[in-house]
2 protein chains.
Amino acid sequence: MFGIGEAARRSGLSIETIRYYEREGFAPPPGRTASGRRAYSAREVAALAFLKRCRDLGFPLADAVALRDLATGAEAPCAEVEAIGCGQLAEVRRKIAELQALEQALAELVGNCAGGQAACPMLDRLRQEAGVTSPAR
Amino acid sequence: MFGIGEAARRSGLSIETIRYYEREGFAPPPGRTASGRRAYSAREVAALAFLKRCRDLGFPLADAVALRDLATGAEAPCAEVEAIGCGQLAEVRRKIAELQALEQALAELVGNCAGGQAACPMLDRLRQEAGVTSPAR
DNA sequence: CTTGATCCTGTAGTGGCTACAGGTTGCAGG
DNA sequence: CCTGCAACCTGTAGCCACTACAGGATCAAG
């Protein structure tokens, strides 16, 4: 059995995060010692580490929990797991594309700056592009 | 003068967001009609649209406000503007790199799934990788 | 005069934590 | 046995940037 500090070190989550997961029902409450301290089994620590790994992969907490439940259940319904994984992959790719478009726009904007001139082309562009549109109807 | 709905349509922000900006001090409070409704000048609407444009480029709201203040000020200190822009560009590139690493890891994970088998290679990998580490010290 | 669009304030919720404040417990050294 | 300090406890508030109501007032058109 491990105290919450040890569970944190071993899972990679912070103590606060572990308590938060428990409070919000993302992790089951562990047993307690006589004095009321949380006591985690190796299995429970592994489940916390699993959540951490999923979060690191960018899965929303709810998906991480779903994956954990699939992982700890008797059978491992690969199809469901694959669906969640593919969804996340698609989401990550969507975000990458979005950020790349942003990078383009920003690079162009910053590229106009040739170092501290008085008139600022970047601001001019920003002002322009924020051009107040006539009301779309 | 424009009502808040018109200001929202013209700036691209939602009505709620405009009120939020005002409440939090990111946008100055506009004048009011006799009955207490907000009345925006074209200039104020343009400032809101400028904030929207910056937010769309991923600038944190505080940076968007700083840029707006630089843009509406008498002089346009290009150096500062460039610094904020470059910082944001760097941040966007950092996020892209982070997401690409994630994409790699996820694609590999999902690639192991060959469609609904009983044993799930993806879960196995997740379980493995979440291997509970002995306490780092 | 009625209807429906628009507006008002104020509050609570989102996700996923993080950071206290203010207290208790456990253990090692003296 | 006492002291000190690390580790733990609960509970609350804050972060970012909104979004979504609830419950009411006002305006313009028919």
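Protein chains get the first letters and strands the later ones, always in sequence-line order, with residue 1 at the start of each. All figures in this text were calculated on a predicted structure; none of them were measured in a lab.
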Trainee: Check the distance between D:dT19's P and B:R23's CZ and give it to me in whole angstrom.
Mentor: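 Atom-to-atom, B:R23 to D:dT19, this comes out as 12 Å.
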Trainee: So which one's nearest nucleotide on DNA chain D is more toward 5', B:L61 or A:R38?
Mentor: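 Here A:R38 is the residue nearer the 5' end.
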Trainee: Take A:Y20 and B:G36, find for each the nucleotide of DNA chain C with the closest heavy atom, and name the residue whose nucleotide sits nearer the 5' end.
Mentor: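 Nearest nucleotide further toward 5': that of B:G36.
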Trainee: Going 5' to 3' along DNA chain C, which nucleotides are the first and last within contact of chain B (any atom under 4.0 Å from a heavy atom)?
Mentor: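 The footprint of chain B covers C:dT6 to C:dT9.
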Trainee: Check this for me, if you would: do B:R68 and B:E44 make a salt bridge, where the nitrogen-to-carboxylate-oxygen distance has to be below 4.0 angstrom?
Mentor: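 Salt bridge: no.
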Trainee: Rounded to the nearest angstrom, tell me the gap between atom CD1 in B:I15 and atom P in D:dA20.
Mentor: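 Spelled out: CD1 on B:I15 to P on D:dA20 is 13 Å.
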Trainee: Quick test: give all pairs of protein nitrogen or oxygen and nucleotides 27-30 of chain D nitrogen or oxygen below 3.5 Å, distance rounded to 0.1 Å.
Mentor:
residue	atom	partner	partner atom	Å
D:dC27	OP1	B:S35	OG	2.8

Trainee: Start with the C-alpha distance between A:K95 and A:E98, add both sets of side-chain angles, then the distance that settles salt bridge (Lys or Arg N to Asp or Glu O under 4.0 Å), and finish with yes or no.
Mentor: CA-CA 5 Å; A:K95 278 186 192 158; A:E98 197 179 307; over 6 Å; no
Trainee: Hey, is the side chain of A:R19 poking within less than 4.0 Å of OP1 or OP2 on D:dT10, counting only N and O atoms?
Mentor: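 For A:R19, the contact criterion (side-chain N or O under 4.0 Å from OP1 or OP2 of D:dT10) is not met.
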Trainee: In this structure, how many angstroms lie between the P atom of D:dA13 and the CD atom of A:E16, rounded?
Mentor: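 The distance from CD of A:E16 to P of D:dA13 comes to 16 Å, rounded to the nearest Å.
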Trainee: Please check this pair: side chain of B:S11 against backbone of B:A7, looking for a donor-acceptor N/O pair closer than 3.5 Å.
Mentor: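 It does hold such a pair.
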Trainee: Thinking salt bridges, do A:E22 and A:R32 make one under a 4.0 Å N-O criterion?
Mentor: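 Salt bridge present between A:E22 and A:R32.
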Trainee: For A:F26 and A:Y20, take the angle between the two ring planes, folded into 0 to 90°, and tell me which bin it lands in: parallel under 30, tilted 30 to 60, perpendicular over 60.
Mentor: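 Judged by the thresholds at 30° and 60°, the geometry between A:F26 and A:Y20 is tilted.
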